[in-house]
Amino acid sequence: MTTFDGIDLHRRMVRIRVFEETAGRLSESARLPGFLHLYVGEEAVASGVCAALNDDDQITSTHRGHGHLVAKGGDFKRMMAELMGKATGYCHGKGGSMHINDLDLGMLGANGIVGAGVPIAVGAAFANKYEDNGRVAVAFFGDGSTNIGAFHEAANMAGALRLPVLFVCENNEYGEYTRRCDTMAITDIIERAPGYGMRGVIVDGMDVVAVHEAATGALEGVRSGNGPALLECKTYRYFDHMGVKGVGVSYRSDTELEEWKQRDPIRSFEARLAESGELSADAARAVWDEAQAEVDGAIEFAEQSPLPEPEALLVGVYNETGAPS
Amino acid sequence: MTTFDGIDLHRRMVRIRVFEETAGRLSESARLPGFLHLYVGEEAVASGVCAALNDDDQITSTHRGHGHLVAKGGDFKRMMAELMGKATGYCHGKGGSMHINDLDLGMLGANGIVGAGVPIAVGAAFANKYEDNGRVAVAFFGDGSTNIGAFHEAANMAGALRLPVLFVCENNEYGEYTRRCDTMAITDIIERAPGYGMRGVIVDGMDVVAVHEAATGALEGVRSGNGPALLECKTYRYFDHMGVKGVGVSYRSDTELEEWKQRDPIRSFEARLAESGELSADAARAVWDEAQAEVDGAIEFAEQSPLPEPEALLVGVYNETGAPS
Amino acid sequence: MTTTEATPDARELMYLLAVSEALAQLMRADESVFLAGEDVGAAGGVFGTFSGLFDEFGQRRVIDTPISEQAIVGLGVGAAVSGLRPVVDIMFMDFVLVAMDQIANQAAKLRYMFGGQAKVPLTITTSAGAGLSAAAQHSQSLEALLCHVPGLKVVYPATPYDMKGLLVSCVRDDNPTIVIMNKMLLGAVGPVPEELYETPLGEARIARSGSDITIVAVGRMVDEALTAAATLAGEGVECEVIDPRTLQPFDTETVVGSVRRTNHALVVHEAVRFGGIGAEIAAQIQEEAFDYLDAAVARIGAPFCPVPFSPALEQLYVPDAARIAEGVRGVLGMNPVVA
Amino acid sequence: MTTTEATPDARELMYLLAVSEALAQLMRADESVFLAGEDVGAAGGVFGTFSGLFDEFGQRRVIDTPISEQAIVGLGVGAAVSGLRPVVDIMFMDFVLVAMDQIANQAAKLRYMFGGQAKVPLTITTSAGAGLSAAAQHSQSLEALLCHVPGLKVVYPATPYDMKGLLVSCVRDDNPTIVIMNKMLLGAVGPVPEELYETPLGEARIARSGSDITIVAVGRMVDEALTAAATLAGEGVECEVIDPRTLQPFDTETVVGSVRRTNHALVVHEAVRFGGIGAEIAAQIQEEAFDYLDAAVARIGAPFCPVPFSPALEQLYVPDAARIAEGVRGVLGMNPVVA
Ligand SMILES: Cc1ncc(C[n+]2csc(CCOP(=O)(O)OP(=O)(O)O)c2C)c(N)n1
Ligand SMILES: Cc1ncc(C[n+]2csc(CCOP(=O)(O)OP(=O)(O)O)c2C)c(N)n1
Ligand SMILES: [Mg+2]
Ligand SMILES: [Mg+2]
């Protein structure tokens, strides 16, 4: 059994939840431009996995990327400013929600193309092996994304080249408004793992400790040169594919949602921490308040930040530097 | 056990072998333009599978497509004329070896893009199910092709939609000059089947009866609505990836080639037929002679055929007809 | 060129509803037509362009697919070659890049490679364009890539009327066609006859007649060009605005005929200017009407950068009526208007 | 424009050997450079362009990949973002269509989408062009598609000298670059210095000076244009032949400067004419040199059809010196030569 830092796991999850719910509210009052894919309900996955990583390990993300960045240590101010399209944002307003990233934190970007981040994670893993620097790369992706060619090619290549990469599937049973069972004839995503010569592990994605332990275990193998592994986290998104709503929709039942909410990753973990005496209700409350204060500060920062100047439009298309010749 | 028509299986294989060896000779004396991927050594696969099909079932093929067309009943004259780029060829000289096809025979084309024929077979299978016409589609592809995204997407889609398609992998252990084991971390291709919710069957691709029986068995399930299946045929190409040579090459040993040749699909089947009294050595010889005579006639036909007229260049890009409005 | 257009008293319909109406009518009339794509079923497509189809035709004919753009197009190719008339949807035009092999190497070339034997009556629908702050991977206009591929036909409806008419023509065409819907036009309303009708492929529409300059405007730019033309009319400049409607095959005749009358030309599209379809149009105009031109053919398009997220930048990215009017003034040698 | 060119007494080397020599020297000098692709290892690449590299650098730095074009490019993108300087090979340019998402949506846009944070020093090599009877899926020239994508740089070396120099520049560049090798030039021999040198990106080369017409010729067409120019010199016509070398960014200045002197222009490439890079070049020339032009800018390219297999047809498909000479005579209003 691996040990875990409950306070840290809890804090990561709360920070994601608070950031996402706030972003959701902002978007409902039309204060955020563009598409917004929220991570609420799935916090245990990003938190459990990222807590098992070193700071210099890399991750790639998806259209639903805020949670991954927060879990990796992302800065609320720069995130919120980016969601608002401000010059102070992570991408200086050029990327928005779907391209949020922090290369310094090893977060190699959300991605607007389903599955496209997976080969990029494999490339990062290749670089790590090439440089023998001990780092690993993690690719996050959804259940629906495992149906696309890029996922397959990347998983196979990682297997063939024995690259240090962990594939983390966030199986929330839907791709947009389509049920997973209508798009694949398998029960679990890990049924795909043997086809790439890799080990597949299923874990309860609503249980952050379970995720963390499974990730730690899988990463041990990955780090020690055993090649890639696939971790399937069974989870659920509370909100809609885009935006907030999520209830009263035709493609899934409110009962189903309620059942999942009964197993809310944060509430259940708080109960557990309270029971073990690690975190009192008050202390937990303080974590929420702190996160909320930080997000509120981020909103203020973002709102007071300038929009990109017109001249910024053509900046950053190309890099003017080059290798020393 | 399914029954088989040994004479028919034998004839299909011999016709492929004779056509291919002749084409190889022609290409060595520079009488064929372009790239030539020969099927010699793998005859039992196309023959065994196609003998299990009805005339109106469809197949899609690969860069190594002559064998599939011959097995499906292709006309030597139009094939040879096509290889020579003549106006009388299957594609009026516009496609050549890599695009040879006969839609009337349900042969939906060789394909120059690895894996690209697989989704097309799935589309044909979709049409069959849509029209409930009882037909099945077969996708032929190589071991190396299972590493490409299109294969994955097509296999998964067939599984999800329960389409009547049989995936036939010609596992000859190489993709061009690269060993299979360097490009995938699995022992058998069928390890990919469960990931698509389909059954995988391995068969000795040098034994035409085994292939035929396995194909017949798999096709039964496919025809009865069980969804797709994957048939992996262990086989070997005698010649090089392109052209003839194939011996004294650096990427594989002559010993390995010799071992496979010991199990030559035609010679071993002839021994078996002779033993059972179904086909005497003389009768077998006659099949070879007949095929050779037919190929010789095809060469003559092709050589005497005209090249495409210059005006043909722009013909056939678009179809001028449309649906009745 | 044709004058095919709605009679002014026709019923008004939204661009996006013209899509589902056309498909419903086509599917009623022809059992071989089906629709497949991501979330096209009960969800009705992420833009609502397919709403109602699943209810009417059920899951045999309206198929929710896995997220597999290559296999979606491949499904269409295989089904088309087998005698059906598939309509497959690629949700955003940006994802066309994921499926380019099946579109450009398979669908487009099959017939020719097979010596004219195959028939590929496949229609691909997709949504293009910026304006929703959807950033660099959900906002592109990539028509130039498709128009460079022999074997494809490409249409870009600018009005609800043509949305329906062109879609009908495409589905009935025996070649692979691509129907580009513009996201910012989805809510546009205009006259659309209730019956099934075709807008002929390859025929441009003169959206406004004028004698001083020819503006060739693609997709969403047609409205912007018309707005610019109205402004310029107040300055005494009469613009002829041509909506090509079909980009491949391109109606050179109508465009060149117009330029020979107006002696000036400006081409405008939302796609990146460098290497856009406007380059081909400009090249053709000067080839065919060199002696009639009083000034170089001008082009307006997006700057050479990916589509930015921030509305502040996106707004600068997409050409608009003001930039078109400035462009016209430039071609005609007028003094620029300082706002 | 630069006059960078080999000194005549330099060592002669084949175009294809210039590739492996450049890579070997780059890999010796910079540990962060590696090569990955299908059959690039012991096989040395299907065209022999990578021969010797596996022997010298071993399987850590010369990697045979699965047949997975998307993952090959993705591997490059991920490794580049992580600090390496990958060279990845897409065996035939036709297969670029399989990997278009990773090339155009990822590699090209990452830096911009990330607000300028990322650096993507990725080089993609690929082989283009017809002439080997390899038919419609192994013969294409698709540079126009790549040049329309902001974020990419595209080079098309026409000589062994530039093959080496441009490849070096691309690998050292901090942006995603695409190096197009022409299959029919692989065996071409020319002077190539033994040391490591760069052909600067974005600078055209004047391959022949002349005063009567500017021929802009791309890739393999440079040699054909030079042959045509020699023929035409016998007819008293002096052609200036410009080899752009880099197609993106395009050296407009050199081309326009030339046309302003010659007052006539012809653009020629092997790709399909409609929507080819020639359309952009022609559009630019008439924009920037309208008042200097005595005739419309002419374009020569492949006809609007897939590449046919039969040598009898393929030969008609690819532009050659004779067609270029005819094109020049047309622009200059000379009587056509009846062969
Ligand atoms: C190539 C591509 N196809 C389609 C889409 C549209 N799309 C965005 S998210 C999504 C669903 C993804 O489902 P899944 O991978 O399960 O992730 P989830 O949204 O459930 O987290 C789709 C279809 C896309 N962005 N890219
Ligand atoms: C997309 C794509 N990538 C690469 C190639 C080049 N290529 C042609 S055949 C081949 C090997 C295919 O191997 P396999 O599928 O095992 O078939 P085999 O040749 O062994 O029959 C390759 C890499 C191609 N044609 N298409
Ligand atoms: Mg999901
Ligand atoms: Mg093989």
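Since the structure is predicted, the reported quantities are computational estimates derived from the model, not experimental observations.
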Handout entry: Step-by-step side-chain contact (heavy atoms from CB on, under 4.5 Å) determination, B:Glu153 to C:Ile67
Key = CA-CA 8 Å; B:Glu153 294 190 4; C:Ile67 310 173; over 6 Å; no
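- Considering only heavy-atom pairs separated by less than 4.5 Å from chain B, the leading option among C:Ala29, C:Pro176, C:Ala71, C:Gly116 is C:Ala71.
- Of the atoms belonging to B:Ile100, not a single heavy atom falls under 4.5 Å from chain C.
- Options B:Ala137, B:Ala154, B:Ala150 differ in how many heavy-atom pairs under 4.5 Å they form with chain C, and the most are formed by B:Ala150.
- Here the straight-line distance linking atom OG1 of C:Thr65 with atom CG of B:Leu161 works out to 8.0 Å at 0.5 Å rounding.
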Exercise. Does the side-chain contact (heavy atoms from CB on, under 4.5 Å) test come out yes or no for B:Ile120 and C:Gln102, once each step is laid out?
Worked result: CA-CA 9 Å; B:Ile120 297 175; C:Gln102 284 290 331; 3.9 Å; yes
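- Looking at C:Pro150, both its backbone and its side chain come within 4.5 Å of chain B, counting heavy atoms on both sides.
- Most heavy-atom pairs under 4.5 Å with chain B, from the set C:Gly76, C:Gly83, C:Ala79, C:Ser32: that is C:Ala79.
- When each of C:Asn105, C:Val73, C:Val81, C:Leu84 is checked for heavy-atom pairs under 4.5 Å with chain B, C:Leu84 comes out on top.
- Only the backbone of C:Val33 comes within contact range of chain B, with at least one heavy atom under 4.5 Å from a heavy atom of that chain.
- Between B:Tyr90 and C:Phe114, the gap from one ring centroid to the other reaches at least 6.0 Å.
- For B:Val315, the part lying under 4.5 angstrom from a heavy atom of chain C is the backbone only.
- A donor-acceptor contact closer than 3.5 angstrom is absent between the side chains of B:Asp104 and C:Gln117.
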Criterion side-chain contact (heavy atoms from CB on, under 4.5 Å) on B:Asn319 and C:Arg111, from CA distance to verdict: CA-CA 8 Å; B:Asn319 197 322; C:Arg111 178 173 171 75; 3.1 Å; yes
Evaluation steps, side-chain contact (heavy atoms from CB on, under 4.5 Å), between B:Tyr318 and C:Tyr112:
CA-CA 8 Å; B:Tyr318 291 96; C:Tyr112 188 82; over 6 Å; no
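- Using a 4.5 Å cut-off between heavy atoms, B:Glu82 makes no contact with chain C at all.
- Among B:Gly117, B:Gly106, B:Gly149, B:Gly123, the residue with the largest count of heavy-atom pairs under 4.5 Å with chain C is B:Gly123.
- Both the backbone and the side chain of B:Leu313 have a heavy atom closer than 4.5 Å to some heavy atom of chain C.
- Rounded to the nearest 0.5 angstrom, C:Ser82 OG and B:Glu131 CD are separated by 8.5 Å.
- For the pair C:Arg60 and B:Tyr130, the cation sits on the ring face: its NZ or CZ lies under 6.0 Å from the ring centre, inside 45° of the axis.
- With a 4.5 Å cut-off on non-hydrogen atoms, B:Ala116 touches chain C through its backbone and its side chain both.
- Between chain B and the residues C:Glu69, C:Arg61, C:Gln59, the largest count of heavy-atom pairs under 4.5 Å involves C:Arg61.
- In this structure, CG in C:Leu110 is found 7.5 Å from CG in B:Asn101, a value given to the nearest 0.5 Å.
- Rounding to the nearest 0.5 Å gives a distance of 5.0 Å between CE of B:Met157 and CD1 of C:Ile72.
- With a threshold of 4.5 angstrom between heavy atoms, B:Asn128 does not approach chain C through any atom at all.
- In terms of heavy atoms, C:Ala118 sits closest to B:Leu103 at CA-CD1, 3.5 Å.
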